[in-house]
Amino acid sequence: MNYRNVATLNQDILGWARELPRDIELIVGVPRSGLLAANLLALHMDLPLTDLEGLIEGRVFKSGKRNRFGNLETYLDEPRKVLIVDDAENTGRAIKNAKDTINSAGLKHDIQYAVVYAAERSKSQADYICKEVLMPQIYEWNLVNHYHLQNTCMDIDGVFCPDPTPEQDDDGEKYRQYLINTPPLLYPKKTIGWLVTCRLEKYRDLTEQWFERHGITYNNLVMMDYPDLAARVAAGRDAAYKAEVYKKTDAVLFIESSLDQAEDIARISGRHVLCTETNELIEPSAIKRQMQTFNRNKHLILNNPSRFAKKLPGWVVKEAKRIFGID
């Protein structure tokens, strides 16, 4: 699983901007997510920006007070060297469609095409590529539209809606009101494979009603079967339970809100977990390396736990404290 978040996108484009030809005069974004990449590239290269429709209509996005490009209303009246940018390409269809659109418009500009992240089979469609990315690919900015969601396990609280506050989490009427009235944080366009939550089975009806009310569809809703919140907390199996469910499915990804739980789920399941708290992909291989580091440095962690707490993930520190009896 190859994942990129917006911060990584920005860093990759910053480096790419230094390598692209300096005679480019206009950046054009392929709607919709290509506009994010194009905007970042235009800012880093200090160039004017527009979208495909604007290019065809001779329209450039207005700049701020420090505009150094002259009269943008007439900027495209003369031929320009134009770079059309998309964020990612798997099949090459989006760039091909952009080329067909531009060719049919009969524009007089010198036009080239660029893709930030390209799969092997699509990279021949572009003149410039920032990075080749192996399949499967998933990106922070198009997560709610990604076809992999049907093959994904997703946490509920902290992902689809805010976590309950301590006051709301009373396992009583306040919690029921939270389940009814909590606002959605995202509206996926695809059906989710598995909702895997530590909510209790006794709240299944309210949970199902909330998802139906907000038009979010899913195939499976897996909930914890404890009599009450106290029994669930006493069991202390939240991450282990999610990991066990994950392992029983053919899901390719688990999306979890809590970083501590995400690390535990990845460690126990041996599979990828996307953490929405930090917008990072927790990789099983990285967890394995961290465990090796932990095993090599047990005595150092015992002697100086505060130092290692800054360098190692939460689950490693917790494991060290458990083994050595450190509070």
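It should be emphasised that the depicted structure is a prediction, and the values quoted were computed from it without experimental measurement. All residue numbers in this chain count up from 1 along the given sequence. All values below come from the heavy atoms of this structure, side chains included, with hydrogens, waters and symmetry mates left out.
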- Taking every non-hydrogen atom, the tightest pair across Val116 and Ala37: CG2-CB, 3.8 Å
- Query: Would you say the side chain of Leu281 lies within less than 4.5 Å of the side chain of Val273, judging by non-hydrogen atoms?
  - Reply: no
- Side-chain ion pair, Arg232 and Asp238, N-O less than 4.0 Å: yes
- Message: If hydrophobic clusters are built from ILVMFWY residues whose side chains come within less than 4.5 Å, do Leu143 and Val252 share one?
- Response: yes
- Query: Which heavy atom in Leu186 sits nearest to a heavy atom in Val159, and how many Å separate them?
  - Reply: CD2-O, 2.7 Å
- Query: When you measure from the side chain of Glu19 to the backbone N and O of Trp16, does any donor-acceptor pair fall under 3.5 Å?
  - Reply: no
- Query: Would you say Lys189 has more than 12 foreign heavy atoms packed within less than 6.0 Å of its NZ?
  - Reply: yes
- Message: Does Arg204 have more than 12 heavy atoms from other residues, nucleotides or ligands lying within 6.0 Å of its CZ?
- Response: yes
- Message: In this structure, would Leu229 and Leu206 fall into the same cluster of hydrophobic residues linked by side-chain contacts under 4.5 Å?
- Response: no
- Does the ring of Tyr246 carry Arg271 above it, NZ/CZ under 6.0 angstrom from centre and within 45° of its axis? yes
- Note, Tyr218 side chain near Trp194 side chain (heavy atom, < 4.5 Å): no
- Message: Contact between Leu9 and Leu40 at the side-chain level, heavy atoms closer than 4.5 Å - yes or no?
- Response: yes
- Under 3.5 Å, side chain of Asn97 to main-chain N/O of Arg93, donor-acceptor pair present? yes
- ring-ring contact (aromatic ring centres under 6.0 Å, His included) pairs touching residues 93-136, sequence neighbours excluded, are Tyr117-Tyr139
- Heavy-atom donor-acceptor pair, Tyr241 side chain to Val196 backbone, under 3.5 Å: no
- Message: Hydrophobic clusters here meaning ILVMFWY residues chained together by side-chain heavy-atom distances under 4.5 Å, can you tell me if Val82 and Ile24 are in one?
- Response: no
- Item | Minimum heavy-atom distance Pro21-Met45, with the two atoms named | O-CE, 3.7 Å
- Among Tyr175, Tyr178, Trp210, Tyr226, ring-ring contact (aromatic ring centres under 6.0 Å, His included) partner for Tyr203: Tyr175
- Task: Give a yes-or-no answer on whether the side chains of Thr278 and Glu280 include a donor-acceptor pair shorter than 3.5 Å.
- Result: yes
- Message: Check whether Asn279 reaches the backbone of Glu140 with its side chain - one donor and one acceptor, N or O, closer than 3.5 Å.
- Response: no
- If you draw a 6.0 Å radius around NZ in Lys202, do more than 12 non-hydrogen atoms from other residues or ligands fall strictly inside? yes
- Note on the structure: Partner of Thr207 under side-chain hydrogen bond (donor to acceptor under 3.5 Å, both in side chains), picked from Glu201, Arg199, Glu212, is Arg199
- Rounded to the nearest 0.5 Å, what's the gap from CG on Asn142 to CD1 on Ile138? Could you check? 7.5 Å
- How many angstroms lie between atom CD1 of Ile216 and atom CD1 of Ile156, to the nearest 0.5 angstrom? 9.5 Å
- Query: With Ile84, which of Val115, Thr101, Leu52, Ile27 fulfils side-chain contact (heavy atoms from CB on, under 4.5 Å)?
  - Reply: Leu52
- Give the minimum heavy-atom separation between Thr182 and His214, together with the two atoms involved. O-NE2, 4.4 Å
- Query: Distance-only, no hydrogens or angles: does the Gln125 side chain make a donor-acceptor pair with backbone N or O of Ile95 under 3.5 Å?
  - Reply: no
- Item | Heavy-atom side-chain contact between Leu49 and Leu41 under 4.5 Å | no
- Message: Looking at Arg59, is its backbone amide N or carbonyl O close enough to the side chain of Thr50 to form a donor-acceptor pair, meaning the two atoms are under 3.5 Å apart?
- Response: yes
- Give a yes or no on whether a salt bridge exists between Glu256 and Lys242, defined as a side-chain N under 4.0 angstrom from a carboxylate O. yes
- Message: Before you tell me yes or no, could you show the steps for Glu78 and Arg80 under salt bridge (Lys or Arg N to Asp or Glu O under 4.0 Å), namely the whole-Å CA-CA distance, both residues' side-chain angles and the distance that decides it to 0.1 Å?
- Response: CA-CA 6 Å; Glu78 59 182 273; Arg80 299 288 182 180; 3.8 Å; yes
- Lys99, NZ: over 12 other non-hydrogen atoms inside 6.0 angstrom: yes
- Query: Do the side chain of Thr152 and the main chain of Ile255 share a donor and acceptor less than 3.5 angstrom apart?
  - Reply: no
- Mind checking the CD1-CD spacing from Ile282 to Gln261? Nearest 0.5 Å is all I need. 12.5 Å
- Task: Please determine, by modelled atom types, if Thr74 and Asp77 share a side-chain donor-acceptor pair under 3.5 angstrom.
- Result: no
- Heavy atoms, side chains only, cut-off 4.5 Å: are Asp157 and Ser257 in contact? no
- Message: Minimum heavy-atom separation for Cys275 and Ser258, please, with both atom names.
- Response: SG-C, 3.9 Å
- Message: Treating Asn181 as the side-chain partner and Gln177 as the backbone partner, does any N or O pair qualify as donor plus acceptor under 3.5 Å?
- Response: yes
- Query: Are any side-chain N or O atoms of Glu89 and backbone N or O atoms of Ala94, one a donor and one an acceptor, separated by less than 3.5 Å?
  - Reply: yes
- Query: Can you check side-chain contact (heavy atoms from CB on, under 4.5 Å) on Met154 and Phe254, steps first, answer last?
  - Reply: CA-CA 6 Å; Met154 296 184 72; Phe254 196 112; over 6 Å; no
- Item | Heavy-atom closest pair, residues Gly193 and Asn219 | O-CB, 3.4 Å
- Message: If I take atom CD from residue Gln168 and atom CG from residue Asp163, how far apart are they, to the nearest 0.5 angstrom?
- Response: 10.0 Å
- Query: How far does SG of Cys153 sit from CG of Leu274, to the nearest 0.5 angstrom?
  - Reply: 12.5 Å
- Taking the side chain as every heavy atom from C-beta outward, state whether Leu55 and Ile111 have any pair of such atoms under 4.5 Å apart. yes
- Item | Gap between atom CD of Glu277 and atom CG of Leu259 - 0.5 Å precision | 5.5 Å
- Look at the side-chain heavy atoms of Ile, Leu, Val, Met, Phe, Trp and Tyr, link any pair under 4.5 Å apart, and say whether Ile265 and Val222 land in one connected group. yes
- Message: With a 6.0 Å cut-off (strictly less than), is the heavy-atom count around CD of Glu73, excluding the residue itself, greater than 12?
- Response: no
- Task: Please say which of Ile13, Leu47, Leu83 ends up in a side-chain contact (heavy atoms from CB on, under 4.5 Å) with Leu20.
- Result: Leu83
- Query: What do the steps show when you test Arg176 against Glu173 for salt bridge (Lys or Arg N to Asp or Glu O under 4.0 Å), and what is the final call?
  - Reply: CA-CA 5 Å; Arg176 275 186 263 275; Glu173 183 55 33; 3.7 Å; yes
- Task: Would you kindly say whether Ser33 and Asp87 are connected by a side-chain donor-acceptor distance under 3.5 Å?
- Result: yes
- Item | Candidate pair Tyr3 and Leu253, rule side-chain contact (heavy atoms from CB on, under 4.5 Å), full reasoning | CA-CA 11 Å; Tyr3 173 74; Leu253 183 66; over 6 Å; no
- Item | Close side-chain approach of Asp110 to Glu25, heavy-atom, < 4.5 Å | no
- Task: Indicate if Trp141 and Val30 have the same hydrophobic cluster label, given that clusters are the connected sets of ILVMFWY residues with side-chain heavy-atom separations under 4.5 angstrom.
- Result: no
- Query: Side-chain contact, heavy-atom cut-off 4.5 Å: Lys81 with Leu26?
  - Reply: no
